[in-house]
K.L.:
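Input: one structure, supplied below.
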Amino acid sequence: EFDSWAHDEL
Amino acid sequence: MNVFRLAGDMSHLLAIIILLLKIWKTRSCAGISGRSQLLFALTYTARYLDLVTNWVSLYNTVMKVFFIATSYATIYLMYLKFKATYDSNHDTFRVEFLLLPVTILALVLNHEFSFMEILWTFSIYLEAVAILPQLFMVSKTGEAESITSHYLFALGSYRLLYIFNWIWRYYTEEYYDLIAIIAGVVQTVLYCDFFYLYFTKVLKGKKLQLPA
C-alpha cells in the first residue's frame, strides 16, 4: 500500500 | 535531507527572491510571464495543501508557506500593483494546452487514486511545464534582462539539483519516486537551451539574445 504521506520533498 | 536537495531548495528560494526584487526595485514586470507565475502559484497550491494534514518538519512547513506566499505576492505585483508594466502582448502562450494534458495525465498516471495524491501528481506534472510561457515570451521578445536570466538560471538549477538529490537518495536510502524523477528530468531538459545561452552569453556580460 503506497504511503501517500511519503512526499517529504518540497 | 542531503546537500543536493538543500542546494536545490536554496536555488529555488534565490530564484523567487531575485524575481521579487526585480519587480519591486524596477517597479516593473517587463519581460516576466504572468502566465508562468500563475501556473507556479497553482503548482504550489495543489502540492502544499498537505500543509494542513501532515507534518514533515519545521523546514518543510516554513518553505511551503514561503513558496505559496511569494507566488501569490508575485501575482499581486504583476497583475495588480504593477499591472501597467505587464507585457500581455508577448505573454500569449496557450496555458490550456498545458493544463488539460497535465490534468489527464495526473488522473491516469499516479501512485494512488486519492484526492491529495492526484493533486500532488498534477502539481508535479504542471511544474515540469510551467516555465514554458516564460521561455516562449523570452523567445518572442527575442531578449531578456540579465536579472531575468539570473532568475531563470536559479529556477532551472533547482530541479537539476533535485535530480542529483534523487540519485543520492536512490543509492543511500533506496528511495525513488519515478513520477517526480521523470517530470524533474523533463523540467530540466526544457531549460537546456536557456542554460547554453546563459553560459555562452550572459556570463560573458552580453545580453541574452534569442534568435527570434
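A note on names: the letters A, B, ... follow the listed sequences, proteins ahead of strands, and every chain is numbered from 1.
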K.L.:
What salt bridge (Lys or Arg N to Asp or Glu O under 4.0 Å) pairs are there with at least one residue in residues 161-176 of chain B, not counting sequence neighbours?
P.N.:
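Qualifying pairs: A:Asp8-B:Arg169, A:Glu9-B:Arg169, B:Arg169-B:Glu173.
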K.L.:
Would you list the pairs meeting side-chain hydrogen bond (donor to acceptor under 3.5 Å, both in side chains) in which at least one residue belongs to residues 188-198 of chain B, sequence neighbours left out?
P.N.:
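Pairs touching residues 188-198 of chain B that pass the test: B:His150-B:Tyr198.
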K.L.:
Residues of residues 14-48 of chain B under 4.5 Å from chain A (heavy atom pairs)?
P.N.:
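Near chain A, by residue number: B:Arg47, B:Tyr48.
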K.L.:
Under 4.5 Å from any heavy atom of chain A, what part of B:Trp55 do you find: side chain, backbone, both or neither?
P.N.:
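When you check distances to chain A, no heavy atom of B:Trp55 falls under 4.5 Å.
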K.L.:
Which of residues 57-83 of chain B have a heavy atom under 4.5 Å from any heavy atom of chain A?
P.N.:
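Residues B:Tyr59, B:Asn60, B:Met63, B:Lys64, B:Phe67 are the ones that qualify, each having a heavy atom under 4.5 Å from chain A.
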K.L.:
Verify the neighbour count for atom OH of B:Tyr175: are there more than 12 heavy atoms of other residues, nucleotides or ligands below 6.0 Å?
P.N.:
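Buried by this count: over 12 neighbours within 6.0 Å.
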K.L.:
Would you say CZ of B:Phe164 has more than 12 non-hydrogen atoms from neighbouring residues, nucleotides or ligands within 6.0 angstrom?
P.N.:
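Open.
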K.L.:
Test B:Asn54 against A:His7 for side chain to side chain contact (heavy atoms under 4.5 Å, CB included), laying out the working first.
P.N.:
CA-CA 10 Å; B:Asn54 74 312; A:His7 299 309; over 6 Å; no
